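Before any comments, here is the structure.
In this text, all values refer to a predicted model and were calculated from it rather than measured experimentally.
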Amino acid sequence: MTGRRPIQAYRRAAGAAQALLFLGLPFLRAGGESALRFDVPTLTLHVMGASLAMSELFVLLPATFLAAAALALVTVAFGRVWCGWSCPQTVLGDLTRLVQPLPGRRRRPWRRAAGVALAAAVAALFSAATLWYFVTPADFAGRLAAGELGPVLSGAWAALGATLFLDLTLVRGRFCATTCPYARLQGVLYDRHTLAVAYDERRDADCVDCGACVRVCPTGIDIRDGLQMACIACAECADACDPIMLKLRRAPKLIGYFYGPPGTPRRLRRPAVAALAAATLAALVATVAAGVSAAEATLDLTVVPDAGFAPRRAADGRALNAYQLSLENRARAAVTVRLAASAPGLEAEVRPGEVALGPGEHRRLRLVIEARGPAGSATGTLTAGAAGEGARPATRSSPIRVVVPEVR
């Protein structure tokens with residue numbers, strides 16, 4: 001009889017990979033910018049080479065629906081796998097296990113001291129890494145080395161670090177058992193075939209009541225009491241039970257992952273799973289479509305009538321209309337914007353006809369449209385086309401009202 005490879009070995013590997021991803025992502029660059037960062041001064045979100053201005057963050061709405069639908073789908077099918085394998089509370093708790101005394105062993109003062117020091121280092125590093133998603137790591141390090149971190153960054157770092165340190169040293173698994181809102185959802189989303197860590201009551205006679213499963217549980221529950229809200233599906237109890245079963249020459253997996261009560265056939269194809277999978281797919285399509293639309297919006301155009309310039313006629317009979325024009329180049333390369341106007345029954349000419357914009361430049365200027373035609377007003381269109389070396393061509397248009405005054 002041989003034992004299983006401990007589940008915790010896979011959990012630790014998955015946690016380490018996710019921690020490295022969180023720490024390393026701010027250092028990655030795509031399209032000359034951070035792979036993922038929200039730039040506060042310009043209110044721009046950089047995502048894998050795309051830059052989204054504040055007005056384009058509508059993409060976050062379908063993305064939020066996608067995250068909610070995906071989380072519900074995973075919960076119905078695989079239970080609290082997020083809690084036990086991916087939640088930052090769990091991953092960082094695993095990284096600072098020295099804070100907790102070893103179950104069933106004599107207390108060692110050095111272990112607690114080392115655990116507190118490790119928790120302080122983890123809190124400082126990961127709180128700084130959180131800020132790297134708003135300020136580049138190089139900028140953060142440069143300011144820190146020069147002693148010019150500033151009150152906002154230093155205050156945010158201190159607040160995040162202190163909160164995380166207190167969580168890792170004092171709260172830990174109690175948060176999952178008492179406060180986490182996701183835990184409350186499990187009672188609504190679980191069904192009879194959801195994957196969960198469970199005690200096989202069919203083999204109740206094999207249990208020797210050693211208490212190992214209770215001592216290692218990070219939330220302090222007894223898995224033998226059945227499915228509980230505080231269980232985060234980490235399977236620490238399963239890994240604690242298996243060696244004891246093997247020593248007693250009994251089959252392992254008295255505690256383990258089961259799709260519903262032990263002995264229940266696995267059924268992944270269920271109405272709830274199908275419905276949530278469809279909702280997740282629809283949200284994914286909407287998110288991709290919104291992201292593509294936002295990524296293509298490299299030029300922003302706003303035009304309103306100039307309140308200080310009433311429509312008038314020039315000496316040669318041309319009608320002059322003035323507007324306040326706002327142009328923003330959201331590309332990372334310089335562009336030339338060519339302006340043109342059209343209105344039914346009128347010949348229209350735009351001054352200026354071209355505007356040069358540098359990377360990320362936002363400019364406001366007065367636009368004059370010279371029109372020839374019969375007296376009256378017409379609703380037309382102002383079109384702006386941007387092109388430049390290294391920049392994606394973009395076209396924007398806006399409705400305008402062109403007035404041709406009566407001849408006096």
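Considering only heavy atoms from C-beta on, Asp200 stays 4.5 Å or farther from Ile255 through its side chain. Side-chain contact between Cys176 and Cys83: absent, with no pair of heavy atoms (C-beta onward) separated by less than 4.5 Å. No side-chain heavy atom of Val135 sits under 4.5 Å from any side-chain heavy atom of Leu131. Contact of the Gln8 side chain with the Glu236 side chain is registered, since non-hydrogen atoms from C-beta on lie closer than 4.5 Å. Side-chain contact check for Phe126 versus Leu95: some heavy-atom pair is nearer than 4.5 Å. Within the 4.5 Å cutoff, the side chain of Thr75 has no heavy atoms near those of the Trp82 side chain. When side chains are defined from C-beta on, Glu328 does not count as touching Arg396, because their heavy atoms never get closer than 4.5 Å.
Distance SG/Cys237 to CD1/Ile221: 7.0 Å, rounded to 0.5 Å. Note that CG of Leu276 is 7.5 Å distant from CG of Leu189, once rounded to the nearest 0.5 Å. The structure places CG of Leu61 at 8.5 Å from OG1 of Thr287, a figure rounded to the nearest 0.5 Å. Distance check: Leu357 CG to Leu299 CG gives 7.5 Å after rounding to the nearest 0.5 Å. With rounding to the nearest 0.5 angstrom, the CD atom of Gln18 is 12.0 Å from the CG atom of Leu23. One finds the CZ atom of Phe22 at 3.5 Å from the OG1 atom of Thr130 (value rounded to the nearest 0.5 Å).
Here the side chain of Arg249 pairs no donor or acceptor atom with the backbone of Met245 at under 3.5 angstrom. Looking at Tyr323, its side chain does come within 3.5 Å of a backbone N or O of Arg401 through a donor-acceptor pair. Judged by distance alone, with hydrogens and angles left aside, the side-chain atoms of Gln228 form a donor-acceptor pair with the main-chain N or O of Gly226 at under 3.5 Å. Under the 3.5 Å distance criterion, the side-chain polar atoms of Arg172 are matched with a main-chain donor or acceptor of Leu168. Judged by distance alone, the side chain of Gln324 and the main-chain N or O of Leu367 form no donor-acceptor pair under 3.5 Å. Checked by atom type and distance alone, the side chain of Asp242 never pairs as donor or acceptor with a backbone atom of Pro252 at under 3.5 Å. Looking only at distances, a side-chain donor or acceptor of Asn329 sits under 3.5 Å from a matching main-chain atom of Gly358. Side chain of Asp239 to main chain of Ile7: a donor-acceptor pair is present (N/O by atom type, distance under 3.5 Å, no hydrogens or angles). A donor-acceptor pair under 3.5 Å links the side-chain atoms of Thr96 to the main chain of Leu92, judged by distance alone. With hydrogens and angles disregarded, a donor-acceptor distance shorter than 3.5 Å links the side chain of Arg313 to the backbone of Pro405.
Using a 4.0 Å cut-off between a side-chain N of Lys or Arg and a carboxylate O of Asp or Glu, Asp204 and Arg224 do not qualify as a salt bridge. Between Asp306 and Arg366 there is a salt bridge, since a side-chain N of the basic residue sits under 4.0 Å from a carboxylate O of the acidic one. Ion pair Arg270/Asp191 flagged as a salt bridge, since at least one NZ, NE, NH1 or NH2 atom sits closer than 4.0 Å to an Asp/Glu carboxylate oxygen.
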Sequence neighbours excluded and cut-off under 3.5 Å, please list the side-chain donor-acceptor pairs for residues 24-36, or say none.
unit_1, atom_1, unit_2, atom_2, d
Arg29, NH2, Gly32, O, 2.6
Glu33, OE1, Arg37, NH2, 2.7
Glu33, OE2, Arg37, NH2, 3.2
Ser34, OG, Arg37, NE, 3.0

Counting only pairs under 3.5 Å, give me each side-chain donor-acceptor contact of residues 346-356, with atom names and distances, residues two or more places apart or in other chains.
unit_1, atom_1, unit_2, atom_2, d
Arg351, NE, Glu370, OE2, 2.4
Arg351, NH2, Glu370, OE2, 3.0
Glu354, OE2, Arg338, NE, 3.1

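A pairwise comparison of heavy atoms in Leu339 and Ala384 identifies CD2-CB, 3.6 Å as the closest pair.
Checked against side chain to side chain contact (heavy atoms under 4.5 Å, CB included), Ala70 has the following partners two or more places apart in sequence or in another chain: Thr280. Looking at residues two or more places apart in sequence or on another chain, you find a side chain to side chain contact (heavy atoms under 4.5 Å, CB included) between Ala212 and Cys210, Arg215, Ala240, Ile244. Contacts of Thr90 classified as side chain to side chain contact (heavy atoms under 4.5 Å, CB included), with partners at least two apart in sequence or in another chain: Arg11, Cys87, Asp94, Ile232. With sequence neighbours left out, the ring pair (Phe, Tyr, Trp, His ring centres under 6.0 Å) criterion links Phe175 to no other residue. Here Arg203 pairs with Asp206 under the salt bridge (charged side-chain N to carboxylate O under 4.0 Å, His left out) rule; sequence neighbours left out. Shown here are the side chain to side chain contact (heavy atoms under 4.5 Å, CB included) partners of Ala123, two or more places apart in sequence or in another chain: Leu164, Phe165. Not counting sequence neighbours, the partners of Trp157 by the ring pair (Phe, Tyr, Trp, His ring centres under 6.0 Å) test are Phe140. Remark: Tyr10 pairs with no residue by the ring pair (Phe, Tyr, Trp, His ring centres under 6.0 Å) rule, at least two apart or across chains.
The salt bridge (Lys or Arg N to Asp or Glu O under 4.0 Å) pairs that include a residue from residues 59-86 number zero, where partners must be two or more places apart or lie in different chains. Contacts classified as salt bridge (Lys or Arg N to Asp or Glu O under 4.0 Å) and involving residues 136-155 (residues at least two apart or in different chains) are given here: Asp139-Arg143.
Judged by distance alone, the side chains of Asp167 and Gln89 do bring a donor and an acceptor atom under 3.5 Å apart.
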Report task. Take Ser326 and His362 through the side chain to side chain donor-acceptor pair (under 3.5 Å) test and state the conclusion after the steps. Result -> CA-CA 7 Å; Ser326 175; His362 183 201; 2.8 Å; yes
Requested in this report: Test side-chain contact (heavy atoms from CB on, under 4.5 Å) on Cys213 and Asp222 and set out the steps.
Outcome: CA-CA 7 Å; Cys213 57; Asp222 189 339; 4.3 Å; yes
